[in-house]
Asker: 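Have a look at this one.
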Amino acid sequence: MTEGPLGGAGPDAGRALDEAFRAAVEVPELLVASDFDGVLAPIVADPAAVSANRISMAALHRLAAVPGTTVAVVSGRDYDTLARFVGPRGALELIGSHGAQPAPGPTVLTPVERATLAATTSELAALAQRHAGFHVEEKPLSVAAHLRRVIDDRDGAAAAVAELVKRWPGKVVAGKEVVEFTVRHTTKGEAVRALADRIGADAVVYLGDDVTDEDVFVMLEPRDVGIKVGDGPTAARHRVAGPDEVTEVLATMATHRELAFGDARPGS
């Protein structure tokens with residue numbers, strides 16, 4: 001397929017995205033938010049071996065330096081882990097644990113939450129002992145079962161996780177080859193909307209690749225720009241093929257925002 005000016009499934013799709021984000025970057029107060037894995041960094045088999053795209057991160061920092069522009073990285077990873085992979089954050093906002101950690105600091109669990117999380121973590125650890133490649137990721141508010149690298153009875157591992165889901169009293173977040181058990185109910189959409197309201201954003205640009213990003217796409221308004229990265233059904237109105245195209249989108253957006261406002265605050 002022929003890609004348009006900013007990727008997509010052809011010149012018309014690329015032109016529509018180009019026009020949409022050009023309009024968005026001209027608003028006085030702009031929020032640019034993005035998922036991390038699969039967008040700012042490629043999906044890798046080992047979640048601990050991920051590396052952010054330096055060009056994409058540089059573009060985000062350029063955007064954050066423009067007056068009237070807030071930039072956030074939103075992830076299912078816990079806040080501290082996200083901060084480690086993002087690197088020097090500068091003016092970037094970080095939101096971890098699917099929106100449950102919008103700021104750094106200790107996470108306090110109730111006794112019931114702590115006991116519930118510990119019991120499920122123990123069961124998942126036992127599964128990891130029985131299924132080669134099964135990875136358990138512990139977070140302050142949740143525990144995630146990663147199935148991407150399972151090579152020993154993958155169907156059995158998935159079935160065992162499904163049984164845990166049936167018994168889990170909290171929120172279950174299903175992503176690409178991962179099932180996360182969390183004791184606090186929140187979504188990326190709620191977190192992005194809260195940030196947009198706090199800064200008085202006139203428009204939101206959001207990029208995401210996972211099913212959890214759909215919680216953001218469905219709450220975007222007509223003036224906002226939702227960009228789905230990769231394949232799969234989506235509520236986003238625009239799409240690019242992968243992280244390489246994200247780099248182009250962010251760099252182009254940064255250039256337009258800098259040219260539009262430079263050192264002058266939008267609306268001044």
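As the structure is a computational prediction, the values presented were derived from the model and not from experiment. Note that these values count all heavy atoms, side chains included, but never hydrogens, waters or copies made by symmetry.
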Asker: Find out if a path of hydrophobic residues (ILVMFWY) with successive side-chain heavy-atom gaps under 4.5 Å connects Phe217 to Val32.
Answerer: no

Asker: Check the pair Arg239 / Thr234 against side-chain hydrogen bond (donor to acceptor under 3.5 Å, both in side chains), numbers first and verdict last.
Answerer: CA-CA 9 Å; Arg239 187 190 301 268; Thr234 183; 5.7 Å; no

Asker: Under 3.5 Å, side chain of Asp224 to main-chain N/O of Glu221, donor-acceptor pair present?
Answerer: yes

Asker: Work out which heavy atom in Ser56 is nearest to a heavy atom in Thr247; give both atom names and the distance.
Answerer: OG-OG1, 2.8 Å

Asker: Just jot down the salt bridge (Lys or Arg N to Asp or Glu O under 4.0 Å) partners of Glu163, sequence neighbours excluded, or say none.
Answerer: Lys166

Asker: State, with a plain yes or no, whether a side-chain heavy atom of Arg62 is found less than 4.5 Å away from one of Glu258.
Answerer: yes

Asker: Is there a side-chain contact between Val71 and Thr69 (heavy atoms, below 4.5 Å)?
Answerer: yes

Asker: For residues Ala254 and Ala59, report the shortest heavy-atom separation together with the two atoms involved.
Answerer: CB-O, 3.9 Å

Asker: Which residues, ordered by chain and number, are linked to Val165 in its hydrophobic cluster, where ILVMFWY side chains connect at heavy-atom gaps below 4.5 Å, directly or through other members?
Answerer: Leu109, Leu117, Leu124, Leu127, Phe134, Val136, Leu141, Val143, Leu147, Val150, Val161, Leu164, Trp168, Val172, Val179, Phe181, Val183

Asker: Do Ser34 and Val73 come close enough that some side-chain heavy atom pair is under 4.5 Å?
Answerer: no

Asker: Around atom CG of Asp231, are there more than 12 heavy atoms of other residues, nucleotides or ligands at under 6.0 Å?
Answerer: no

Asker: Are a donor atom and an acceptor atom from the side chains of His146 and Glu137 found within less than 3.5 Å of each other?
Answerer: yes

Asker: Distance from Glu19 atom CD to His238 atom NE2, nearest 0.5 Å?
Answerer: 9.5 Å

Asker: Grab the two heavy atoms, one from Pro102 and one from Gly99, that are nearest each other, plus how far apart they are.
Answerer: CD-O, 3.9 Å

Asker: I need the His256 NE2 to Glu26 CD distance, nearest 0.5 Å.
Answerer: 9.0 Å

Asker: Just by distance, do the side chain of Thr252 and the backbone of Glu248 share a donor-acceptor pair under 3.5 Å?
Answerer: yes

Asker: Are Val39 and Pro243 packed together at the side-chain level, in the sense that at least one heavy-atom pair is separated by less than 4.5 angstrom?
Answerer: no

Asker: Could you grab the distance from atom CG of Asp152 to atom CZ of Arg130, nearest 0.5 Å is fine?
Answerer: 10.5 Å

Asker: Where do Tyr79 and Pro104 come nearest, in terms of heavy atoms and distance?
Answerer: OH-CD, 3.3 Å

Asker: Of all the heavy-atom pairs spanning Gly189 and Met219, show the shortest one and how long it is.
Answerer: O-CE, 3.9 Å

Asker: Does some side-chain heavy atom of Asp35 sit less than 4.5 Å from a side-chain heavy atom of Val74?
Answerer: no

Asker: Check salt bridge (Lys or Arg N to Asp or Glu O under 4.0 Å) between Arg148 and all other residues, then give those that pass, not counting sequence neighbours.
Answerer: none

Asker: Establish whether Val229 and Val44 are linked, either directly or via other cluster members, by ILVMFWY side-chain heavy-atom contacts under 4.5 Å.
Answerer: yes

Asker: I'd like to know if Lys176 and Asp209 make a salt bridge, using a cut-off of under 4.0 Å between side-chain N and carboxylate O.
Answerer: yes

Asker: Are the side chains of Lys228 and Glu214 in touch, meaning some heavy atoms are under 4.5 Å apart?
Answerer: yes

Asker: Applying the 4.5 Å side-chain criterion to the ILVMFWY set and letting contacts propagate, would Val27 and Leu60 be lumped into a single cluster?
Answerer: yes

Asker: Quick one: pull up NZ in Lys139 and OG1 in Thr121 and give me the separation to the nearest 0.5 Å.
Answerer: 12.0 Å

Asker: Do Val249 and Met57 belong together in a cluster built from hydrophobic side chains that touch within less than 4.5 Å?
Answerer: yes

Asker: Between the side chains of Glu113 and Arg184, is the shortest nitrogen-to-carboxylate-oxygen separation below 4.0 Å, so that they form an ion pair?
Answerer: yes

Asker: Where do Gly175 and Val211 come nearest, in terms of heavy atoms and distance?
Answerer: CA-CG2, 3.6 Å

Asker: With a 3.5 Å distance limit and no angle check, can you tell me whether His61 reaches the backbone of Pro88 through a side-chain donor-acceptor pair?
Answerer: yes

Asker: So which of Asp213, Asp215, Asp210 actually passes side-chain hydrogen bond (donor to acceptor under 3.5 Å, both in side chains) with Lys188?
Answerer: Asp213

Asker: Quick one: which of Thr186, Thr107, Asp78, Asp80 gives a side-chain hydrogen bond (donor to acceptor under 3.5 Å, both in side chains) with Gln101?
Answerer: Thr107

Asker: Out of curiosity, Thr70 OG1 to Glu93 CD, how far, rounded to the nearest 0.5 Å?
Answerer: 6.5 Å

Asker: Would you say Leu17 and Val205 are hydrophobically clustered, going by side-chain heavy atoms of ILVMFWY under 4.5 Å?
Answerer: yes

Asker: If only atom types and distance count, is the side chain of Arg257 paired as donor or acceptor with the main-chain N or O of Val25 below 3.5 Å?
Answerer: yes

Asker: Compare all side-chain heavy atoms of Leu31 with those of Asp202 and state whether any distance is below 4.5 angstrom.
Answerer: no

Asker: When rounded to the nearest 0.5 angstrom, what distance separates CZ in Phe36 from CG in Leu207?
Answerer: 14.0 Å

Asker: When you compare the side chain of Ile227 with that of Val225, does any pair of heavy atoms fall below 4.5 Å?
Answerer: yes

Asker: Will you find, in the side chains of Glu180 and His98, an N or O donor that is under 3.5 Å from an N or O acceptor?
Answerer: yes

